[in-house]
Amino acid sequence: MDTHRVLLDGSRLVVESCVRAGANVYVGYPITPASLIFSYASRRFPIALPAPDEITALQWMAGLSAAGYLPVTATSFPGFALMVESINMAYMMELPMLIILVQRLGPSTGTATAGAQGDLLLLDGLISGGYPLPVLCISDLKDCWLLPPVALRAAVEMRTPVVLLSSKEMVMTQASFDLSQLPEIEPVRQAFYHGPGPYRPYDPGDGLVPPFLPVGSDHDVVRLNASTHDRSGLLQHTSEEAMANTRRLGEKVEALTPVLYHLDEQEGARTLVVSYDITSGAAREAVKMLRAQGVPVSLLLARTLLPVPAIYYEVIDRYSRVVIAEENAQGQFARLLFGRRIPPNIRLVGAVGRMVRPEEIAREVLAP
Amino acid sequence: MSIFLTQPELPFCKGCGHHHVVRSTVKALEAIGVRPADVILVTDIGCHGIVDGNFATHTVHGLHGRSVAMAAGIAMGLPPGKKVIVYIGDGGATIGLQHILEAARMNVDLTVVVHNNMLYGMTGGQPSSLTPRGFRTAITPDGSPLPHHDLCRLVYEAGASYVARVLGVGDFSEVLRQAMEIEGFALVEVLELCTSYGVKWNPGLRLKALAEETGYTLGVWTRSPRPVFRLRAGAEEPLGPRGAGLLDLPPVEVRFSSLLEGRWALILSGSAGEGVQQAAEILARAAMAAGLHVTKKGSYPVTVGVGFSTAEVILSRSPIFYHGVHEPDAVVITSMDGLRNQQGRIREMQRGILWLDASLPVPETGAEVRIRDFRGHAGARYAALYALWMVLQETGILPPEALLEAVQGTPLADRIPRERFAPRGS
């Protein structure tokens, strides 16, 4: 195919990718910097609904997901905060859906039109009880196309809400982009249970994920439950069967979340640069600059953030110095990996209220 | 035993009105003649919500106060003929009032049954917004000081198709049958006295007398049919993408060339409403037409229509991974709003060129300053575009014709004062 160069933003790619991947309902509540996604979705999704608030948005999504739809929303921290209880509900009910979280500068309402990477640790503890929520992260424009189908497929195949993490500059900056590099998207197909009754909505059989049947089905009745429940979906206190069911929620996400990352290792390199989301661009630029100067350096860009893939530790352990770059003050990804006791060979590069600069990453790589 | 039940013994306290709600619901469903698989019972948090296991229908047990919103999602997604019923308490109706009003406004096809026993029975008997004035609860032993919401009236005003208030004693299945048979939003408020806390704190109180004293009017209120909010007329209706593909964008063909070797970053800053973002986007397209990689981002206050508007454009021979601008090569200021917004950056500039409208004071800067009459020459609306055209004239980064060519296809194409954009010296 010939080149097809256009000027576009990531929001446009994300929405088109979701639609082609089979997402069929967008539920939106406007919030900067996720409003572009809402705007495109309202023109392109098979069904787009304006919700009166973010709690309603997530509840409608849960209801629609329960009825067999594949819903998507996008928001930023203030809206996401309102969704948290309902995301826990969808996690417990095992309802597939995609939540795109576009980060902006906090705390609170912060600065709506400034980017940030400040919400990762919130996502790590989002599900009460510490159960893992799958979180994938966009690191460049091409990811805006490639990751939504992965996230939607993961949501359907694991029967769970999935978060696609991004940030303001990632989805709002316009850039020249060659559309001919985009691969076709295979639509996600939802398979519904058609076995013998009675259908038990939380019986995973030999696997980790129970087959799905929408509520309202003529085939059999369905019981969904946000409270502790047994395999039939009936309320339980702490029965053995119910607790095993709750444990399974975490086990399936740990076992089945797709592991996606970009690893570019250079022979002879003793330093690894690690980044994700918007700072991936600065990390790429820094690595390019350093290599041009003859400094060998490797690069790891994380696309799967949660649950943390074990391979990240294996890669990191191969280097005597690791520079982790992200647009926050704490080094949230570093804390996610190592807790509050960051090993001395792990160097952090952060920024607040502006993007991390390639020079700052390069400086840390070269520092004595 | 009814086909709608799995077991006849209900999990409620002896004498609780919730028994009557369940029995009347079952009787109404039997009268309508639907099958259990046609019924979706969505329960909230509260004593009423532990009844799921007794129903042989679809059951959904969600969050406190959110049941109506979740049920609305289910109901709007299902084809006609399914009966979505919500069981909610007065506490759930209080915390989730917005969801109830919204579902009524939309006229979603569901039936909400409010178990109004005027307090939170599961947590010790605290007052809700439906607790009437004078009603004693665990934390208002002298009586609730505030009047209750008239939920039926609120919901009716919001657009509900069918609203009723009944005493939760005996058989009120006929009211529930009517509510369920109406296509659209229906709400039935069932008045009850909590046998554990309502009776304990208000000994001797009779439900009927309480309703009369506190203005809890019994009755049925209906309105003429209006459109029901449903996503699809039937399950067979296809769910394909709508409209043109978002990627059906016309390609930018390379028709010009640029001598730029590396990366060149420009800041354009002026006033909102004066075409700053549009001009920057036109520059970005012009650079693409000259074979360059570009990024463009906008920055403006949350009030989009007033104050500054700033755009950052990067042009580069090689792909741009990082699109932040730390040290710009060019800063172009077309108005006072723009100057104020960029004054910090201008002060720090040690290199590059600052193009400044002639109407503005000259700030301190280490950049080379070039004063030009953008506003006077092109007018406020076109000052930004004209300024970029001047910058291209003076730097040769791109052929200025590429900028004018890029205007084609924008809403400016027919309006731009072309005579002002004449090559210098002509």
Side-chain angles (χ1 to χ4, degrees), chain A residues 3-8 12 15-16 19-20 24-25 32 40 43-47 52-53 55-56 59-64 66-69 85-86 89 112-113 169 172-176 179 215-218 220-227 233-235 281-282 284-285 288 354-355 357-358, chain B residues 36-38 40 50 52-53 56-63 66 69-78 82 84 98-99 102 231-232 238-243 245-247 249-254 281 284-285 287-288 292-302 320-324 326:
Chain A
T3 59
H4 187 124
R5 293 169 74 241
V6 298
L7 185 69
L8 51 58
R12 189 182 276 268
V15 168
E16 185 68 16
V19 166
R20 293 197 191 191
N24 44 30
V25 186
T32 307
Y40 291 135
R43 280 153 47 189
R44 188 61 174 146
F45 262 69
I47 298 163
D53 61 84
I55 297 176
T56 305
Q59 289 291 330
W60 283 1
M61 286 170 72
L64 288 161
Y69 293 77
E85 188 192 17
S86 298
M89 180 194 86
T113 51
E169 303 294 359
M172 288 190 72
T173 300
Q174 290 180 297
S176 50
L179 294 176
V215 289
S217 164
D218 290 327
D220 204 345
V221 295
V222 177
R223 295 184 189 279
L224 298 176
N225 205 324
S227 298
L234 292 170
L235 195 72
R284 278 180 191 271
E285 195 75 42
K288 190 177 144 198
R354 63 168 177 83
M355 292 165 74
R357 296 172 190 138
Chain B
D38 294 327
I40 300 97
I50 56 177
D52 289 43
T57 63
H58 299 274
T59 58
V60 178
H61 183 62
L63 300 183
R66 313 301 168 200
M70 178 155 186
I74 294 170
M76 70 174 78
L78 290 178
K82 299 289 178 181
V84 181
Q98 156 78 350
H99 304 307
E102 191 65 16
L231 300 184
R232 293 191 288 173
L239 269 179
R242 281 181 305 134
L246 288 173
L247 303 185
L249 299 165
V252 179
E253 307 292 352
V254 178
E281 193 173 322
R285 289 183 193 283
M288 288 176 67
L292 298 175
H293 295 271
V294 306
T295 62
K296 181 258 162 187
K297 62 176 112 183
S299 172
Y300 25 81
V302 281
I320 303 164
F321 299 126
Y322 169 71
H323 46 69
H326 182 33

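Labels below follow one simple rule: chain letters A, B, ... track the order of the sequence lines, proteins then strands, and each chain is numbered from 1. Quick note: numbers below take in every heavy atom, side chains included, and nothing from hydrogens, waters or symmetry partners.
- Closest non-hydrogen pair, A282(A) versus Y322(B), comes out as CB-CD1, 3.7 Å.
- Two residues are said to be in side-chain contact when any heavy atoms from C-beta on lie closer than 4.5 Å; Q98(B) and P52(A) meet this criterion.
- Between T173(A) and K297(B) the shortest heavy-atom distance is OG1-CB, 3.8 Å.
- Of the two parts of L234(A), only the side chain, counted from C-beta on, holds a non-hydrogen atom closer than 4.5 Å to a non-hydrogen atom of chain B.
- A pairwise comparison of heavy atoms in R242(B) and F45(A) identifies NE-O, 2.7 Å as the closest pair.
- Only the side chain of I40(B) comes within less than 4.5 Å of a heavy atom of chain A; its backbone N, CA, C and O stay farther away.
- In plain terms, the two heavy atoms of A66(A) and M70(B) that are nearest each other are CB-CE, 4.2 Å.
- We find the CD1-CG distance between I47(A) and L231(B) to be 4.5 Å, quoted to the nearest 0.5 Å.
- Pairing each heavy atom of F321(B) with each of K288(A), the nearest pair is CE1-CD, 4.0 Å.
- Heavy-atom distances place the side chain of H99(B), and not its backbone, under 4.5 Å from chain A.
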| task | Go through the steps for R43(A) and L246(B) under the test side chain to side chain contact (heavy atoms under 4.5 Å, CB included), then give the verdict. | result | CA-CA 9 Å; R43(A) 280 153 47 189; L246(B) 288 173; 3.9 Å; yes
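- Atom OG1 of residue T295(B) and atom CD of residue Q174(A) lie 10.0 Å apart, to the nearest 0.5 angstrom.
- By the 4.5 Å heavy-atom criterion applied to side chains, D38(B) and D218(A) are counted as neighbours.
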| message | Is there a side chain to side chain contact (heavy atoms under 4.5 Å, CB included) between H323(B) and E169(A)? Walk through the geometry before answering. | response | CA-CA 9 Å; H323(B) 46 69; E169(A) 303 294 359; 3.8 Å; yes
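- Of the listed residues (M288(B), K296(B), R285(B)), just one forms a side-chain contact (heavy atoms from CB on, under 4.5 Å) with S176(A), and that residue is M288(B).
- Your options are D53(A), I55(A), V25(A), and the one with the most heavy-atom pairs under 4.5 Å with chain B is I55(A).
- Between R354(A) and H326(B), the closest side-chain pair of non-hydrogen atoms is not below 4.5 Å.
- Each of R223(A), M355(A), R44(A), R284(A) has some count of heavy-atom pairs under 4.5 Å with chain B, and the biggest count is that of R44(A).
- Residues passing the salt bridge (Lys or Arg N to Asp or Glu O under 4.0 Å) test with R5(A), sequence neighbours excluded: none.
- Here the CH2 atom belonging to W60(A) is positioned 4.5 Å from the CE atom belonging to M76(B), to the nearest 0.5 angstrom.
- Put simply, CD on Q59(A) and CD on E102(B) are 14.0 Å apart, with the number rounded to the nearest 0.5 Å.
- If you measure heavy-atom distances from T57(B) to chain A, the contacts under 4.5 Å come from the backbone alone.
- Counting heavy atoms from C-beta outward, S227(A) and H61(B) have side chains that approach closer than 4.5 Å.
- A pairwise comparison of heavy atoms in Y69(A) and L239(B) identifies CE2-CD1, 3.7 Å as the closest pair.
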| request: Dump the intermediate steps for side chain to side chain contact (heavy atoms under 4.5 Å, CB included) on T59(B) and V221(A), then the final yes or no. | output: CA-CA 8 Å; T59(B) 58; V221(A) 295; over 6 Å; no
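- Looking at V84(B), there are no atoms closer than 4.5 Å to chain A (heavy atoms on both sides), in backbone or side chain.
- Both the backbone and the side chain of E281(B) come within contact range of chain A, each with at least one heavy atom under 4.5 Å from a heavy atom of that chain.
- Here the straight-line distance linking atom CD1 of I320(B) with atom CD of E285(A) works out to 9.0 Å at 0.5 Å rounding.
- Contacts between T56(A) and chain B at a heavy-atom distance below 4.5 Å involve backbone atoms as well as side-chain atoms.
- Of the atoms belonging to A56(B), it is backbone heavy atoms, and not side-chain ones, that fall under 4.5 Å from chain A.
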| field | Audit row: I74(B), V215(A), side chain to side chain contact (heavy atoms under 4.5 Å, CB included) steps and yes/no | value | CA-CA 8 Å; I74(B) 294 170; V215(A) 289; 4.0 Å; yes
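- Of the listed residues (A62(A), G68(A), A226(A)), the greatest number of heavy-atom pairs within a distance under 4.5 Å of chain B belongs to A226(A).
- Side-chain contact check for S86(A) versus L63(B): some heavy-atom pair is nearer than 4.5 Å.
- Heavy atoms of L64(A) lying under 4.5 Å from chain B belong to its backbone as well as its side chain.
- Between V252(B) and L7(A) there is no side-chain heavy-atom pair separated by less than 4.5 Å.
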